[in-house]
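Only one structure is covered here, and it is reproduced in the block below.
One is the number of the first residue; the rest follow in order along the sequence. Please read all numbers here as calculations on a predicted model, not as lab measurements.
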Amino acid sequence: MAPELGVATSSFAGGVIADDFDGDGLIDLMVSSLDTAAPLRVFRNAGDNGFEDVSGVTGLAGITGGLNLTHADYDNDGDVDVYIQRGAWRRADGTWPNSLLRNDGGFRFTDVAHMAGLAGDGLDSPTQTAAWADYDNDGDVDLYVGNETTDDASFPAHLFRNEGDGTFTEVAAAAGVTNDRWAKSVAWGDLDADGYEDLFVSNYQGVNRFYRNNRDGTFVDVAAELGVEGPDASFLSWFWDTDNDGNLDLLVNSSQPVAMSGDAPPIWQIAASRVGVAAESPFPRLFQGNGDGTVRDASAGAGIDRITYPMGANFGDLDNDGWLDHYLGTGYPTYEALMPNVMYRGLGGGRFEEITFAGGFGHLAKGHAIAFADFDHDGDQDVFEQMGGMLLSDPYPDTLYQNPGFDRSWLKLQLVGVEANRGAIGSRVRIDVDGPEGPRSLYRRVGTGASFGGNPLRVELGLGDATRIIGGEIRWAGSGTIQTLGADLRLDSMYRIVEGSDPEPVQLVPVDWSARIQARRR
């Protein structure tokens with residue numbers, strides 16, 4: 001529906017954020033491109049009228065480029081701020097400053113990266129990945145930036161501690177998290193449930209890192225102890241809960257195109273894997289959490305044992321059955337790399353089935369950043385995909401897939417931290433429901449989803465065939481507050497929950513795009 005809704009921007013590989021930038025309750029979009037001449041594009045969700053391009057009023061003229069976007073409310077003022085990553089893949093030539101866009105309200109932004117201490121003075125490095133979390137539990141989110149150390153240039157990672165006054169202090173060396181490898185994905189998650197965020201770093205060349213939080217401002221790498229150093233040429237990664245047991249799981253994808261023989265292009269392996277011919281590229285790895293800080297390799301039987309070459313990804317619950325699904329934007333830079341983007345439906349228990357073609361997601365153009373969000377307020381999640389290749393002669397228009405709906409129950413929660421960080425990033429939610437198959441619990445971690453594309457910070461839960469909500473719990477990140485939710489929450493509703501206060505109902509106005517779509521198609 002992207003052309004009909006006004007968001008079919010043609011660009012190269014880049015990032016996307018789906019969130020409410022202006023506080024009107026509707027999910028807006030921000031899209032970037034690696035092209036250094038390409039401006040950021042910002043689209044206001046105009047309800048029934050689709051999306052309105054408001055890029056010209058953002059105050060971001062001259063702020064161009066960006067292979068990835070990552071968002072959070074870093075200054076705890078209630079607005080969504082944005083961090084832009086630049087210079088990836090360019091090795092020693094990629095020392096371009098990243099940007100921190102402070103949201104000043106009304107779709108007005110100011111780049112404060114230098115003022116905040118995130119750029120300049122030796123901090124500019126080739127980077128494609130970053131993630132926010134409150135690692136020191138002081139009530140504001142900190143920023144980890146995974147840079148690219150290669151055989152010809154050394155760029156250690158950065159850990160920027162938020163000082164709470166709009167500035168940051170770089171503490172990676174003191175904290176023991178410089179990585180010193182070619183980072184392509186970073187993810188925060190409290191694997192051992194001790195109330196402190198741990199850190200996974202996925203490295204494209206060299207083994208991965210798993211930094212366990214020592215709870216004193218330092219970390220120790222336990223990747224070898226946990227068995228999460230692979231797969232080879234590790235790439236996109238994220239924490240989630242695939243089996244609804246309350247323990248975080250970790251998915252790590254690989255994107256290493258390995259030629260089968262001679263000069264045969266890697267695309268041949270896509271065809272080979274489809275017909276059962278052995279191929280050399282590694283498969284994704286699913287590590288399920290045991291609840292004690294350890295994991296087990298649950299890749300076998302997970303249904304994801306195929307070659308995909310993902311460059312962007314995210315996850316959500318398309319059919320509102322309570323089990324998380326995920327979408328992979330596929331491709332690699334060269335022209336022959338045309339392959340279907342891949343959608344997996346969660347079956348529960350850490351198992352998946354591919355629904356790429358059944359769901360209409362098998363786009364052949366190169367896919368990049370992805371966001372799952374309910375743009376039209378009908379209760380189910382739609383999917384936006386930022387499209388385009390790495391070469392400047394390989395652009396493609398972005399896509400937006402509207403969800404037809406599955407007649408299952410849902411719940412949305414907008415969490416507002418008080419002692420916790422304002423956006424509640426890292427907080428854990430449990431919702432207990434009852435239905436025809438008896439009681440069940442569903443678990444979510446508040447965040448932007450996977451490592452390439454930004455979901456809204458609001459929690460969007462599918463509740464399956466639930467007939468009522470019987471309770472739940474919020475474990476607020478940083479503050480450690482445990483807040484109990486009662487049975488007064490209604491199905492198919494949204495609530496705003498301020499830490500320590502009762503849930504407040506939020507009126508959702510459904511969006512009807514039918515007139516806009518029909519007019520456009522005429």
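In this structure, a donor-acceptor pair under 3.5 Å is absent between the side chains of Arg351 and Thr242. Ser202 and Ser185 share no side-chain donor-acceptor pair at under 3.5 Å. Asp35 and Ser33 are not linked by any side-chain donor-acceptor pair at a separation below 3.5 angstrom, with hydrogens and angles left out of the test. Between the side chains of Tyr344 and Glu353, not a single donor N or O lies within less than 3.5 Å of an accepting N or O. For the 3.5 Å distance criterion, the side chains of Asp111 and Ser99 qualify, holding a donor opposite an acceptor. Between the side chains of Asp124 and Thr95, no donor-acceptor pair of N or O atoms lies under 3.5 Å. Looking at Gln288 and Asn247, their side chains never bring a donor and an acceptor atom within 3.5 Å of each other. One side chain, His71 or Asp19, offers a donor N or O that lies under 3.5 Å from an acceptor on the other. No hydrogens or angles considered: a donor-acceptor pair under 3.5 Å links the side chains of Arg209 and Asn179. Using modelled atom types and a 3.5 Å distance limit, the side chains of Ser125 and Glu148 yield no donor-acceptor pair. No side-chain donor-acceptor contact under 3.5 Å links Asp394 and Tyr335. With 3.5 Å as the limit, one finds no donor-acceptor pair spanning the side chains of Asn49 and Arg516.
In this structure, the ring of Tyr204 has its center less than 6.0 angstrom from the ring center of Trp89. Here Tyr144 and His158 keep their ring centres 6.0 angstrom or further from each other. Phe219 has its ring centre less than 6.0 Å from the ring centre of Tyr135. No close placement of the Trp238 and Trp188 rings is indicated, their centers lying 6.0 Å or farther apart. Aromatic ring centres of Phe372 and Phe315 lie farther apart than the 6.0 Å criterion allows.
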Check the pair Arg345, Asp321 against salt bridge (Lys or Arg N to Asp or Glu O under 4.0 Å), reporting the backbone distance first and the verdict last.
CA-CA 10 Å; Arg345 175 175 176 258; Asp321 66 349; 3.6 Å; yes

For side-chain contact (heavy atoms from CB on, under 4.5 Å), just list the numbers for Met390 and Leu34, CA-CA rounded to whole Å, side-chain angles, deciding distance to a tenth of an Å, and then say yes or no.
CA-CA 8 Å; Met390 294 286 293; Leu34 65 82; 3.5 Å; yes

Checking Asn203 against Ser234 for the side-chain hydrogen bond (donor to acceptor under 3.5 Å, both in side chains) test, could you report, in this order, the C-alpha distance in whole Å, the side-chain angles of both residues, the deciding distance, and whether it holds?
CA-CA 5 Å; Asn203 289 308; Ser234 178; over 6 Å; no

Should His363 and Tyr396 be marked as a ring-ring contact (aromatic ring centres under 6.0 Å, His included) after you check the CA-CA gap, both sets of side-chain angles, and the distance that decides it?
CA-CA 11 Å; His363 207 304; Tyr396 205 87; 5.1 Å; yes

For Asp376 and Gln402, what are the C-alpha separation, side-chain angles and deciding distance, and is it a side-chain hydrogen bond (donor to acceptor under 3.5 Å, both in side chains)?
CA-CA 9 Å; Asp376 53 0; Gln402 185 182 23; 3.1 Å; yes

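Ring geometry for Phe51 versus Trp513: interplanar angle of 30 to 60°, hence tilted. The aromatic rings of His326 and Trp240 sit perpendicular to each other, their planes meeting at more than 60°, with 30° as the lower class boundary.
Judged purely by atom type and a 3.5 angstrom limit, Asp382 has no side-chain atom pairing as donor or acceptor with the backbone of Asp374. No side-chain donor-acceptor contact under 3.5 Å links Asn403 to the backbone of Asp380. Not one N or O on the side chain of Tyr211 forms a donor-acceptor pair closer than 3.5 Å with the backbone of Ala223. Within the 3.5 Å criterion, the main-chain N or O of Tyr443 finds a donor-acceptor partner in the side chain of Asn244. A distance-only check finds no donor-acceptor pair linking the side chain of Asp305 to the backbone of Phe283 [under 3.5 Å]. In terms of modelled atom types and a separation under 3.5 Å, the side chain of Asp180 and the main chain of Pro156 share no donor-acceptor contact. In this structure, Asp241 contributes its side chain and Gly246 its backbone to a donor-acceptor pair below 3.5 Å. In this structure, the side chain of Gln128 does not engage the main chain of Ala88 through any donor-acceptor pair within 3.5 Å. Of the possible donor and acceptor atoms, one in the side chain of Asn320 sits under 3.5 Å from a partner among the backbone N and O of Gly379. Judged by distance alone, with hydrogens and angles left aside, the side-chain atoms of Thr129 form no donor-acceptor pair with the main-chain N or O of Gly146 at under 3.5 Å.
Shown here are the salt bridge (Lys or Arg N to Asp or Glu O under 4.0 Å) partners of Glu354, two or more places apart in sequence or in another chain: Arg274, Arg306. Under the side chain to side chain contact (heavy atoms under 4.5 Å, CB included) criterion, Thr70 pairs with Gln85, Ala130, Trp132, not counting sequence neighbours. Residues passing the salt bridge (Lys or Arg N to Asp or Glu O under 4.0 Å) test with Asp151, sequence neighbours excluded: Arg91.
Distance check, rounded to the nearest 0.5 Å: CG of Leu347 to CG of Asp243 gives 13.0 Å. Note that CZ of Phe239 is 5.5 Å distant from CG of Leu191, once rounded to the nearest 0.5 Å. Atom OG of Ser154 and atom CZ of Arg181 lie 12.0 Å apart (nearest 0.5 Å). Summarising the geometry, atom CZ belonging to Arg440 is positioned 12.5 Å from atom CD1 belonging to Ile431; distances are rounded to the nearest 0.5 Å. Here the OG1-CE distance, from Thr356 to Met339, works out to 12.5 Å after rounding to the nearest 0.5 Å.
With a 4.5 Å cut-off on side-chain heavy atoms, Val31 and Leu40 do not count as touching. Between Leu101 and Leu60 there is a side-chain heavy-atom pair separated by less than 4.5 Å. Between Leu5 and Leu400 there is a side-chain heavy-atom pair separated by less than 4.5 Å. Contact of the Arg458 side chain with the Ile27 side chain is registered, since non-hydrogen atoms from C-beta on lie closer than 4.5 Å. Counting heavy atoms from C-beta on, the side chains of Asn147 and Trp182 never come closer than 4.5 Å. Side-chain atoms of Val7 and Leu29, non-hydrogen and from C-beta on, do get closer than 4.5 Å to each other.
In this structure, Asn45 and Leu26 approach most closely via the heavy-atom pair O-CD1, 3.6 Å. In plain terms, the two heavy atoms of Ala187 and Ser237 that are nearest each other are CB-O, 4.2 Å. Between Ile84 and Asn98, the shortest heavy-atom contact is O-CB, 2.9 Å. Contact between Ala371 and Asn314 at its shortest, heavy atoms only, is CA-ND2, 4.3 Å. Closest heavy-atom contact between Trp323 and Gly346: CB-O, 3.6 Å. When every heavy atom of Leu461 is checked against every heavy atom of Leu442, the shortest pair comes out as CD2-CB, 4.3 Å.
Electrostatic pairing of Glu229 and Arg285 does not count as a salt bridge here, judged by no charged N lying under 4.0 Å from a carboxylate O.
Counted within 6.0 Å of CG on Asp152, heavy atoms from surrounding residues, nucleotides or ligands total more than 12; the atom is thus considered enclosed.
A ring-ring contact (aromatic ring centres under 6.0 Å, His included) with Tyr327 holds for exactly one of Phe452, Phe361, Phe352; it is Phe361.
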